[in-house]
Number of protein chains: 2
Amino acid sequence: MAISLRSLPDKTVERLSQYRRNLLVCLSKGKQHIFSHEIASIHNITPVQVRRDLMLIGYTGTLRKGYDVKELIELIGTILDSRDGLKVCVVGVGNLGRSLISYFNGRRSKLTIVAGFDTNPEKVDKVYAGVHCYHFDKLTEVIQREGVTIAIITVPAEQSPHVAEHLVIAGVKGILNYTPKSVNVPPQVYLEEYDMITSLEKVSYFVKKNSGLE
Amino acid sequence: MAISLRSLPDKTVERLSQYRRNLLVCLSKGKQHIFSHEIASIHNITPVQVRRDLMLIGYTGTLRKGYDVKELIELIGTILDSRDGLKVCVVGVGNLGRSLISYFNGRRSKLTIVAGFDTNPEKVDKVYAGVHCYHFDKLTEVIQREGVTIAIITVPAEQSPHVAEHLVIAGVKGILNYTPKSVNVPPQVYLEEYDMITSLEKVSYFVKKNSGLE
DNA sequence: CTAACATTGTTATTTTTGTAACAACCAAAC
DNA sequence: GTTTGGTTGTTACAAAAATAACAATGTTAG
Ligand SMILES: NC(=O)c1ccc[n+]([C@@H]2O[C@H](COP(=O)([O-])OP(=O)(O)OC[C@H]3O[C@@H](n4cnc5c(N)ncnc54)[C@H](O)[C@@H]3O)[C@@H](O)[C@H]2O)c1
Ligand SMILES: NC(=O)c1ccc[n+]([C@@H]2O[C@H](COP(=O)([O-])OP(=O)(O)OC[C@H]3O[C@@H](n4cnc5c(N)ncnc54)[C@H](O)[C@@H]3O)[C@@H](O)[C@H]2O)c1
């Protein structure tokens, strides 16, 4: 299908992931069809935006009946998921890393966390929520053996550039960096960074502004 | 100052927060001046974008000498921070909530987590990283007594709309929702939502696409 | 002294994202 | 049957964000 080959807008990809998650909930409640305005209201966006996103992936609903929930879930699956799923590792099995491991695993069948890495001897060779924690020295070896393609970085901030460098050498194709220090990767590696402090400061700025403080 | 009153672009606010964080690191290393291309390279963006952001906040550097690190930090402070700081609470003291509490507190002097809330009796009236956890029933009372203006939601997803509703009633002015279920708030409350699953699926999509998989 | 250069600040352009407008359609009501 | 109404898919428009272009300026090299 030509459409799934051309790159979708970033934001559309994000929304598709969210649509799917909520569509699964709808399906489990026995809902078989859904209107664009229903999807929109779940996500607090406009129906037009929903229809536009679905247009981009070439899905056509039925007039006055809406979209077939199951079909749509499957179509989004063919777009977002890789056939055999992708393997993920977490570098830095601290507070945040452990939270993520215990939270993610088992939820998305196509994305599995298969390894953790840490430098702290107390964590190495322990198992967290079913995930083995290896020493950071084994990074390349384990990544290549297991065929890991995505890494989540949750080490102390100052370590993240160093960690990212090793991940690239080891051959991962995508990195999700939760450290407030941004990292540098070659263009063929997809990088997503998110900084919780920044988010909080942003909320704080707009709260200040809206409240007309000082 | 007229400039700080007009609303800055969302993305600029985010970047200012990040600039400041790294400028503080520079300052602690004794660096007194910095060029736009240096700031840019720290954040993997272009020097033009840095200059544009600084233009928007009305800061002027010195030609061939760059920006005064200390001055710039202070100016960003006057823009992002509220004079007396803002108080923050965390609703849902589970894995993620506790991570956030222990991570955030003490880092940003102007934003302090002053309370946690949970429904689980085992957590109520315990103290986590110096933060008292109250029963959810006390939400409004504590928020008003302490003057909390910002809330972070880290309860199980299906609870988040209910929690958000109570937070609005209690009078918070900003909400940061880490739940994958989005919530509805009146326009005077600033809402920021972030969904880690979506981020991971987005990385996965682009990894798949870049690798030319299937 | 002058030319070349590095760097800033600003305006113009392009790209991305979101919103609005509207034609097409078909089911139901009358 | 014809009209009404709700809903889709698409095109046209607007807003936000990023990038490029470039003038201004003062420092350094010759
Ligand atoms: N905890 C949070 O809620 C939170 C929130 C926002 C951002 N973050 C960011 O996430 C990162 C981790 O935070 P945390 O609270 O989990 O810290 P943490 O100290 O609990 O965990 C960090 C872990 O990384 C390990 N580590 C250190 N160097 C390493 C290396 N080179 N290779 C592999 N592992 C290494 C440490 O042994 C430790 O286990 C930090 O950069 C922080 O800024 C955390
Ligand atoms: N843990 C993670 O790394 C992670 C990652 C991404 C998203 N999230 C999201 O964060 C949320 C929490 O995740 P978690 O792993 O911390 O879960 P958790 O089960 O460890 O924690 C949830 C906490 O919320 C409390 N709670 C339940 N209902 C409540 C209510 N009405 N009011 C106040 N407290 C209530 C529970 O008692 C529990 O302590 C979830 O929505 C999850 O989707 C978590």
Side-chain angles (χ1 to χ4, degrees), chain A residues 1-3 6-19 23 31-69 71-72 75 182 187 191-193 198 202 205-206 209, chain B residues 2-3 6-19 23 31-69 71-72 75 182 187 190-193 198 202 205-206 209:
Chain A
M1 191 193 305
I3 287 154
R6 83 136 36 78
S7 183
L8 294 167
D10 251 59
K11 301 288 180 176
T12 295
V13 173
E14 289 180 14
R15 283 189 296 266
L16 288 174
S17 160
Q18 290 163 344
Y19 296 161
L23 288 170
K31 194 168 171 60
Q32 294 183 351
H33 295 273
I34 193 163
F35 294 124
S36 61
H37 64 81
E38 293 177 295
I39 298 180
S41 119
I42 290 171
H43 300 91
N44 290 313
I45 56 177
T46 66
V48 187
Q49 188 151 61
V50 174
R51 295 205 296 276
R52 214 164 173 293
D53 286 335
L54 299 189
M55 187 188 78
L56 290 175
I57 62 172
Y59 186 64
T60 293
T62 319
L63 197 51
R64 294 186 70 84
K65 207 174 170 190
Y67 304 93
D68 184 299
V69 175
E71 267 178 31
L72 187 47
L75 177 59
S182 75
L191 175 66
E192 172 90 2
E193 305 199 298
T198 289
K202 186 176 162 193
Y205 168 79
F206 284 105
K209 196 173 63 68
Chain B
I3 287 155
R6 85 137 35 79
S7 182
L8 294 168
D10 251 60
K11 301 287 180 173
T12 295
V13 173
E14 289 180 14
R15 283 188 296 265
L16 287 174
S17 160
Q18 291 163 344
Y19 296 162
L23 287 170
K31 195 169 171 60
Q32 294 185 348
H33 294 274
I34 193 165
F35 294 124
S36 61
H37 64 82
E38 292 178 295
I39 298 180
S41 118
I42 291 172
H43 299 91
N44 290 314
I45 57 178
T46 66
V48 186
Q49 188 148 63
V50 173
R51 295 206 297 276
R52 214 165 175 292
D53 286 334
L54 298 190
M55 187 189 77
L56 289 175
I57 64 173
Y59 186 66
T60 293
T62 318
L63 195 52
R64 294 188 71 86
K65 204 172 171 193
Y67 304 95
D68 185 298
V69 175
E71 267 178 32
L72 186 48
L75 177 59
S182 77
Y190 186 83
L191 175 66
E192 172 92 2
E193 304 198 299
T198 290
K202 187 175 159 194
Y205 168 80
F206 284 105
K209 196 173 64 67

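Chain identifiers are assigned alphabetically (A, B, ...) following the order of the sequence lines, protein sequences preceding nucleic acid strands; residue numbering begins at 1 within each chain. As a basis for the values below, the full set of heavy atoms in this structure was taken, side chains included, without hydrogen atoms, waters or symmetry mates.
- One interatomic measurement links the two molecules: CD of A:Glu14 to P of C:dT17, which rounds to 9 Å at whole-angstrom precision.
- Atom CG in B:Asp68 sits roughly 15 Å away from atom C1' in C:dT8 (whole-Å rounding).
- Scanning both residues, B:Leu23 and B:Ile34, for their nearest heavy atoms gives CD2-CG2, 4.0 Å.
- Within 6.0 Å of atom NZ in A:Lys31, more than 12 heavy atoms from other residues, nucleotides or ligands are found, so the atom counts as buried in its surroundings.
- Between A:Leu8 and B:Phe206 the shortest heavy-atom distance is O-CZ, 4.2 Å.
- Rounding to whole angstrom units, CG of residue A:Leu56 and P of C:dT17 are separated by 11 Å.
- Near DNA chain D, defined here as any heavy-atom distance below 4.0 Å, the residues from residues 37-50 of chain A are A:His37, listed numerically.
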Nucleotide by nucleotide, nucleotides 24-30 of chain C touches protein heavy atoms under 4.0 Å in the pattern (B base, S sugar-phosphate only, - none) -BBS---
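- One can place OH of B:Tyr59 at 9 Å from P of C:dG9, the figure rounded to the nearest angstrom.
- Residues forming a salt bridge (Lys or Arg N to Asp or Glu O under 4.0 Å) with A:Arg15 (at least two apart in sequence, or on another chain): A:Asp53.
- Distance, A:Arg51 CZ to D:dA12 P: 17 Å, rounded to whole Å.
- Atom OH in B:Tyr19 sits 7.5 Å away from atom OG1 in B:Thr12 (nearest 0.5 Å).
- Each of C:dA12, D:dG9, C:dG18 was ranked by its minimum atom distance to the side chain of A:Arg15; first place goes to C:dG18.
- Proximity of a side-chain donor or acceptor of A:Ser36 to a complementary backbone N or O of A:Val48 within less than 3.5 Å is not detected.
- A straight line from CG of B:Leu8 to P of D:dA17 spans 11 Å, rounded to a whole angstrom.
- The separation between B:Met55 atom CE and D:dT19 atom P is 15 Å, rounded to whole Å.
- What you find for B:Glu38 and B:His33 is that their closest heavy atoms are OE1-O, 4.3 Å.
- Atom CG in A:Leu54 sits about 11 Å away from atom P in D:dT10, given to the nearest Å.
- Listed nucleotides D:dA17, C:dT8, D:dA18 differ in distance to B:Tyr67; the shortest reach to its side chain belongs to C:dT8.
- Contact of the B:Leu54 side chain with the B:Arg51 side chain is not registered, since no non-hydrogen atoms from C-beta on lie closer than 4.5 Å.
- Candidate nucleotides C:dT7, C:dA12, D:dA17 were compared by shortest atom distance to the side chain of B:Arg52, and C:dA12 ranks first.
- Closest of all the heavy-atom pairs between A:Ala40 and A:Pro47 is CB-N, 3.5 Å.
- An OP1 or OP2 oxygen of D:dT7 is reached within less than 4.0 angstrom by no side-chain nitrogen or oxygen of A:Ser36.
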